[in-house]
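Single-structure report; data block below.
Start at 1 and go down the list; that is how both ligands and their atoms are numbered.
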Amino acid sequence: MRVLGIESSCDETGVAIFDTEQGLLGQALYSQIDMHAAYGGVVPELASRDHVRRLLPLVRQVMGEAGTTPEQLDGVAFTAGPGLAGALLVGAGVGRSLAYGWGLPAVPVHHMEGHLLAPMLEEDGPDFPFVALLVSGGHSLLLEGRALGDYAPLGESVDDAAGEAFDKVAKMMGLGYPGGPRLAKLAESGSAGRFRFPRPMTDRPGLDMSFSGLKTFTLNTINDLGGVDALSEQDRCDIALAFQEAAVDTLVIKCRRAMEQTGAKRLVVAGGVSANVMLRERLDAAMAKKGVRVFYPGLAYCTDNGAMIAYAGALRLAGGERCGLPIAVRPRWPLAELAPLAPDAS
Ligand code: KG4
Ligand code: ZN
């Protein structure tokens, strides 16, 4: 089964072709970051218009590079939510229409399911069942993945998502957008132990998370030092490190608890923040002690991309799923609302 996948939920236009026998045949990604950076964050209308400009040329490029003709495809998958309504409509409109024009089935994909399954694109990727930590710019959640589409929530962030907290703290420090990777880079030169930030919601039971207090604590620390303009380069690095350590430790503590609670032996970590090196190191160390194997996406597949959508779409199409002709998107779409594929669908 060979599937064209389209991602356009936020500020990245991603296109890829995944073949269930041969793997990933081609992919391309266009990031709008430079366009939005001037505004300090994503401007939805600009995002939609840019997806319109980029998408079809990217599809042509990937089809060419993969040496694939429409006749060789078995379906088209597109991100149908959650995300920015206008941006989603571009991918859904183009994806659904291409499938119609080519006489192929189309399948809508949940963006977070795409992230969740991205580690399966790696050699020796995870099998169900597993516990997953999904940490992106819009979501932070822990869930039990029992089978394709069967995701039981264990906990989630009650306020900011982990990536959002990285981005907001980075913005506070004048690092620009998106700040997560830049903050992580700064933290590499920080001196450990100068500041200790709180690990929110780790002193009480449960798997919910909170990052907004940590953000406020960071702001107060900056203000205690005389404001962002008064910070030395070393101050900035030390604050970045203290914030990152607190955010990472919070995630590690919650993962440890989730593994104890479920008894699962596989942990999948995905979404943009799963690219964070400290998170990977500390999770690996904590989980090794528990005999838990941790699976991550390749670095190129942590943040938004078309490959994860083509992959998730291929699994769903192979399971018999397809959608009708109406072009529908769901800007808000809880992952837990997905259902396991009907056993008689394939
Ligand atoms: O999954 P993603 O591309 O978008 C959403 O679906 O939201 O994740 C983007 C998020 C941003 O908040 C970005 O700052 C964060 O992932 N991120 C990182 C790192 N790389 C990306 N956060 C911390 N450390 C990183 N290395
Ligand atoms: Zn994403």
Side-chain angles (χ1 to χ4, degrees), residues 5-14 16 29-33 36-37 40-42 44 47 78-84 87-88 91 109-119 132-141 156-157 159-173 175-188 190 211-212 214-215 218 240-252 268-283 296-309 311-312 331-333 335:
I6 294 173
E7 156 62 32
S8 72
S9 65
C10 190
D11 58 350
E12 251 112 24
T13 321
L29 189 71
Y30 180 83
S31 172
Q32 305 176 350
I33 282 175
H36 297 295
V42 178
F78 55 85
T79 304
L84 302 171
L88 289 166
V109 170
H110 191 293
H111 180 79
M112 297 311 291
E113 181 176 63
H115 277 302
L116 181 67
L117 303 180
L133 172 71
L134 276 176
V135 269
S136 71
H139 299 81
S140 297
L141 42 120
E156 65 181 335
S157 173
D159 40 55
D160 291 348
E164 189 180 0
F166 267 90
D167 292 340
K168 286 181 177 169
V169 167
K171 197 169 179 179
M172 254 179 229
M173 308 222 302
L175 294 179
Y177 168 84
R182 295 180 195 184
L183 196 77
K185 184 89 196 104
L186 212 56
E188 283 173 17
F211 294 100
S212 140
L214 186 53
K215 195 182 60 191
T218 311
L241 176 62
F243 167 81
Q244 179 174 260
E245 284 192 308
V248 163
D249 281 355
T250 304
L251 293 171
V252 171
V268 165
V269 187
V273 184
S274 69
N276 187 278
V277 175
M278 182 185 277
L279 177 65
R280 289 184 177 216
E281 285 172 358
R282 295 200 175 179
L283 263 182
Y296 305 94
L299 280 183
Y301 306 115
C302 292
T303 43
D304 295 348
N305 64 86
M308 66 186 195
I309 303 304
Y311 180 75
R332 288 177 193 280
W333 187 6
L335 188 61

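- Counting atoms of ligand 1 from 1 in the listed order, those under 4.0 Å from a heavy atom of G138 are 7 (O).
- Between the CZ atom in F166 and the CZ atom in R182 there is a gap of 14.5 Å [rounded to 0.5 Å].
- L134 places none of its side-chain heavy atoms less than 4.5 Å from the side chain of H139.
- The closest side-chain heavy-atom distance from M278 to V252 is not below 4.5 Å.
- To the nearest 0.5 Å, atoms CE (M173) and CG (L183) are separated by 5.0 Å.
- Interface atoms of ligand 1 facing D167, defined by a heavy-atom separation under 4.0 Å, are 11 (C), 12 (O), 13 (C), 14 (O).
- H111 counts as a contact of ligand 1, since one of its heavy atoms falls under 4.0 Å from the ligand.
- Not a single N or O atom of G179, backbone or side chain, sits closer than 3.5 Å to an N or O atom of ligand 1.
- Atom CG in D159 sits 8.5 Å away from atom CZ in F211 (nearest 0.5 Å).
- K171 contributes atom NZ, which lies 9.0 Å from atom NZ of K168 (distance to the nearest 0.5 angstrom).
- One distance of note links CD1 of I309 with CD1 of I6; it measures 10.5 Å at 0.5 Å rounding.
- Here the heavy atom of the protein found nearest to atom 24 (N) of ligand 1 is N276 ND2, 3.0 Å.
- Looking at G137 next to ligand 1, an N or O pair under 3.5 Å apart turns up.
- E245 and R282 are joined by a salt bridge, as a carboxylate oxygen and a charged side-chain nitrogen come within less than 4.0 angstrom of each other.
- For a threshold of 3.5 Å applied to N or O pairs, the pair formed by P178 and ligand 1 contains no separation below that value.
- Here the shortest heavy-atom pairing between A47 and L84 reads CB-CD1, 4.4 Å.
- Residues P82 and R332 fail the side-chain proximity criterion, which asks for heavy atoms closer than 4.5 Å.
- The part of H115 lying near ligand 1 is the side chain, judged by heavy-atom distances below 4.0 Å.
- Counting only protein N, O or S atoms closer than 2.8 Å to the Zn ion (ligand 2) gives 3.
- An N or O contact shorter than 3.5 Å is missing between A184 and ligand 1 by distance.
- In summary, the atoms of ligand 1 found under 4.0 Å from a heavy atom of G163, numbered by their order in the structure, are 12 (O).
- What you find for N305 and L29 is that their closest heavy atoms are CA-CD1, 3.8 Å.
- Residue, atom and distance of the protein heavy atom nearest to atom 21 (C) of ligand 1 are G272 O, 3.3 Å.
- Of the protein's heavy atoms, D304 OD1, 3.4 Å lies nearest to atom 4 (O) of ligand 1.
- Annotation for A87 and S8: closest pair O-OG, 2.7 Å, computed over non-hydrogen atoms.
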